[in-house]
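Naming convention: chains lettered A, B, ... in sequence-line order (proteins, then strands); numbering from 1 in each chain.
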Amino acid sequence: MTARLRFILGRLVQAVPIVLGIIILNFLLLHLAPGDVATVLAGEAGGAPPEYVAQLRHDFGLDQPLWIQLLLYIKNILSLDLGYSFRQSMPVLQLILERLGPTLLLMGTTLLISVGFGVLLGLIAAMRVRRWADTMISILAIIAYATPLFWIGLMLIVLFSIKLDWLPTTGMETVAAFYEGWDRVLDIAWHLVLPALTLSLFYMALYTRLMRAAMLEQAGMEYVTTARAKGLTERRITFRHILRNAFLPVLTIVGVQIGSLLGGSVIVEAVFAWPGLGQLAFQSLFARDFNLLLVIFFLSAGLVVIVNLVVDVIYTLLDPRIEAR
Amino acid sequence: MPAPLLEISGLTVDLPPGADRPHAVEEVGLALAENEILCVVGESGSGKSVMARSILGLLPPRRLRVSAGRILFKGENLLAASAARLRQIRGGEIAMIFQEPMAALNPLMTIGRQIDEVVATHLNLPRAERRQRALELLRAVHLPDPERIIEAYPHQLSGGQRQRAMIAMALILEPAIIIADEPTTALDVTTQAQILALIRELRQRHRAGILFITHDFGVVAEIADRVAVMQRGRLVEWGTAAQVLNAPRHPYTRALIAAVPNLDPPPPRPYDRDSVLLQIEGLDKAYRSGGGLLGRRQRVVHAARDARLALRRGETLGLVGESGSGKSTLARCILRLVEADRGAIRLDGVDLRRLSRRAMRPWRKRLQMIFQDPFASLNPRARIAETIAAGPMLHGVPRAEAFARARELLGLVGLDPRAADRFPHEFSGGQRQRIGIARALALRPDILVADEPVSALDVSVQGQILELLAQIRERLQLSMLFITHDLRVAAQVCDSIAVMRRGEIVEYGPTAEIFAAPRHPYTRELLAAIPGKAWTKPKTDAVAEEAGSGR
């Protein structure tokens with residue numbers, strides 16, 4: 001156990017330079033884009049004299065050389081001062097905390113649905129290989145895999161919200177109803193169905209295909225023949241021997257995919273007006289609200305690093321060959 | 001003779017359509033009695049494993065199908081048995097041991113649970129009692145510290161320990177029959193000797209019938225009561241071990257036995273004993289892992305320690321040792337494919353280790369390598385002429401000339417020069433190894449480094465490749481560094497031998513002297529472990545000729 005703890009601490013230490021590198025890279029990348037918050041504000045005001053824009057720049061510290069801005073920024077981040085969103089007139093920290101919850105909820109649900117159902121469907125397909133159930137699952141998986149996220153989202157809205165009127169189209173809760181307690185939980189869950197489903201379908205398809213392939217590959221291994229030669233039933237061979245071995249490659253991909261899941265949530269949050277980080281990022285990009293954007297990037301990077309660490313720890317729990325060193 | 005435990009008659013297994021022959025196994029009949037070891041011998045593709053697996057219905061579904069015959073186990077036809085009855089027999093009455101214990105054990109399950117599964121499936125015993133039984137059995141197969149092994153995962157054991165655990169798993173319900181499919185092929189020679197001794201001991205204790213599949217006549221001589229020889233799916237000869245080993249009747253058996261290298265080294269070959277071509281002095285190489293940031297303990301493995309060797313013009317020097325002894329690493333250090341930590345590699349007096357990459361380049365062509373795996377060591381997407389000509393072209397030979405030379409070399413290694421435009425997958429293992437040799441020769445090297453060049457090949461093909469290497473080294477006056485784990489091969493090929501263990505050369509001298517009077521205890525242990533050392537092959541002069549026609 002202490003070895004595992006040391007492993008986790010070691011990985012966290014390793015993550016520091018990575019996150020720092022990401023901050024610097026993001027900072028420089030964002031400054032490659034033309035325009036800044038001052039021009040956007042001036043533009044929205046319907047034009048402003050150059051002196052006013054210069055004054056704005058000076059107030060925001062945008063007239064300093066780039067490297068000084070960068071150093072200042074890193075210093076602020078390290079002292080956990082995340083800055084102020086001039087655009088939203090709010091401290092960045094407060095904005096982020098408000099939006100983090102919904103995004104984590106959406107991501108967590110998506111992860112659960114896609115991995116859970118992906119593994120289950122892959123398992124069923126592999127057990128019924130080359131029979132109709134397998135064919136059906138494989139076809140559905142390929143369709144889900146090939147369809148763009150935003151299109152699925154729009155079509156689900158058209159079908160379930162507009163035509164059938166079963167599910168709400170946008171938002172995270174019915175604000176006007178002022179639900180409390182379990183009613184609120186249910187209401188949020190109700191709103192969660194469509195966005196989570198939209199975001200899950202692609203990943204579920206991916207994991208289904210992966211799981212099916214891994215199951216079939218493992219079924220051909222020699223240890224399965226050994227298990228059969230021991231007189232075990234096919235059921236027991238599948239569940240006790242093949243399943244766990246086949247899950248390992250899926251887990252590896254889950255770890256890698258977490259980052260792109262975050263990217264996918266930007267689209268889904270935009271389509272469903274889900275009040276999460278993705279939507280915030282989308283808005284702040286067009287407003288050139290760099291302070292806010294940088295923190296969102298920083299947070300996303302941190303999230304990916306942490307989730308990967310969690311996946312690695314799960315890996316050491318599942319596979320005794322991988323030592324937590 | 002007592003009534004047979006197992007009687008196979010007219011067994012035919014179909015291959016899928018489009019295979020190189022219609023049947024994997026064709027009308028095979030065998031009988032196995034209790035307290036008997038029956039060895040089924042054959043080369044790869046002879047159908048011996050398919051035959052063994054069809055007994056328990058373990059053939060891959062959809063690809064192989066038993067189409068005729070009977071397999072009677074104590075009078076009951078297993079081919080007609082229900083799935084439930086078959087499961088009862090599997091593991092309970094007939095158990096199996098496989099070739100590669102690492103692959104045959106589930107990597108995510110402890111040894112204890114994998115053994116326990118057998119008992120739990122077949123008997124209704126409380127957990128504590130099952131555990132007791134597993135511990136007893138682990139002790140019976142001479143595993144040290146059973147309490148620790150029962151909690152261990154397969155990767156935490158050595159190859160020999162894994163195979164012992166596998167055997168324990170097969171034995172735990174005291175089955176009447178044990179089917180062992182090449183159980184020692186993946187093991188080192190000393191471990192192999194121990195496992196063979198264990199199998200013999202268990203046969204006596206349990207009076208089980210053992211069906212032992214192998215390709216190695218040395219192992220057959222060591223362990224068999226009766227022998228059956230298979231070729232291309234057919235049983236070509238069977239009889240008692242003495243009959244088959246000492247007076248083989250079928251030409252194929254004779255050819256196989258003739259191809260087994262003799263243990264007595266041939267008389268020394270003449271070569272210039274004074275002209276040292278390559279001198280290795282004090283070569284060290286250690287692999288380090290771990291260590292670093294958080295003060296973990298560093299692990300150091302010495303792959304080569306103060307190695308000293310001298311290779312003379314025209315000499316073949318054998319590097320002999322078990323897996324992990326450092327023989328391959330040493331050879332790679334000499335070629336500078338791996339950088340040594342210390343020491344000197346003198347070729348014609350120049351220390352190669354001090355040369356920069358660029359300065360090394362002209363020397364590279366003087367040292368060429370032949371690899372073990374003829375499948376993995378050729379680029380599958382390159383025509384073989386390109387593979388062979390690539391080296392000379394890198395060294396500035398014009399394309400046309402390099403390709404002409406490639407064709408010439410194919411002729412030299414016994415392939416049709418017209419094969420130059422084909423791809424590697426169109427050739428058999430032996431042919432590919434010939435291509436590998438042609439590739440090494442293309443740069444006109446002085447020294448060939450051959451890393452287990454025949455280990456992946458069947459015994460008859462192995463003989464042909466060894467013969468080819470012998471011819472080439474005579475004709476081109478090559479020196480050779482020959483790495484092998486097979487002492488029989490070393491005895492036939494090498495003029496002198498260096499025995500390695502854990503990175504150290506423990507004994508070094510002329511082959512004949514080492515075989516006649518080994519000085520180091522480890523060398524003695526290695527020699528004692530050679531399977532079938534007590535067996536003197538029947539006089540093969542006449543036999544070898546007949547075998548030649550059978551190729």
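- Heavy-atom pairs under 4.5 Å with chain B peak, among A/Ile242, A/Thr226, A/Val224, at A/Thr226.
- Proximity of a side-chain donor or acceptor of B/His155 to a complementary backbone N or O of A/Ile322 within less than 3.5 Å is not detected.
- A salt bridge (Lys or Arg N to Asp or Glu O under 4.0 Å) check over residues 131-142 of chain A, counting only residues at least two apart or in different chains, returns the pairs A/Asp134-A/Arg212.
- The contact between A/Leu248 and chain B is made entirely by side chain atoms (from C-beta outward), counting heavy-atom distances below 4.5 Å.
- Ranked by heavy-atom pairs under 4.5 Å with chain A, the list B/Gly91, B/Pro101, B/Ala170, B/Ala83 is led by B/Gly91.
- With a 4.5 Å cut-off on non-hydrogen atoms, A/Arg240 touches chain B through its backbone and its side chain both.
- Expressed to the nearest 0.5 Å, how far OH of A/Tyr223 lies from CG of B/Leu105 amounts to 11.5 Å.
- Put simply, OG1 on B/Thr121 and CZ on A/Arg236 are 5.5 Å apart, with the number rounded to the nearest 0.5 Å.
- By the neighbour-count criterion of 12 heavy atoms within 6.0 Å, atom OH of A/Tyr315 is densely surrounded, having more than that number from other residues, nucleotides or ligands.
- Nearest approach of A/Pro320 to B/Pro107, heavy atoms of both residues: CG-O, 3.6 Å.
- Of the inter-residue distances, the one linking B/Arg53 atom CZ with A/Thr225 atom OG1 reads 5.5 Å to the nearest 0.5 angstrom.
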Quick one, A/Lys230 with B/Met169, criterion side-chain contact (heavy atoms from CB on, under 4.5 Å). Give me CA distance, side-chain angles, the key distance, then yes/no. CA-CA 9 Å; A/Lys230 291 200 280 196; B/Met169 197 159 92; 3.8 Å; yes
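- Between chain A and the residues B/Leu58, B/Leu56, B/Leu173, the most heavy-atom pairs under 4.5 angstrom are made by B/Leu58.
- By the 4.5 Å heavy-atom criterion applied to side chains, A/Thr233 and B/Arg87 are counted as neighbours.
- Between atom CG of residue B/Leu108 and atom CG of residue A/Asn245 there is a gap of 4.0 Å, rounded to the nearest 0.5 Å.
- Counted by atom type alone, A/His241 and B/Gln114 present zero donor-acceptor pairs between their side chains at under 3.5 Å.
- Between B/Glu117 and A/Arg228, none of the side-chain N atoms (NZ, or NE/NH1/NH2) sits under 4.0 Å from a carboxylate O, so this pair counts as no salt bridge.
- Residue B/Ala103 touches chain A through both its backbone and its side chain, counting heavy-atom pairs closer than 4.5 Å.
- In this structure, B/Arg63 places its CZ atom where only 12 or fewer heavy-atom neighbours from other residues, nucleotides or ligands lie under 6.0 Å away.
- Other residues, nucleotides and ligands contribute at most 12 non-hydrogen atoms within 6.0 Å of the CZ atom of A/Arg128.
- The greatest number of non-hydrogen atom pairs below 4.5 Å with chain B, out of A/Gln218, A/Glu234, A/Arg244, A/Glu222, is found for A/Glu222.
- Every residue was checked against the side-chain hydrogen bond (donor to acceptor under 3.5 Å, both in side chains) condition with B/Glu7, not counting sequence neighbours, and none meets it.
- Between chain A and the options B/Met96, B/Met109, B/Met166, B/Met102, heavy-atom pairs under 4.5 Å are most frequent for B/Met109.
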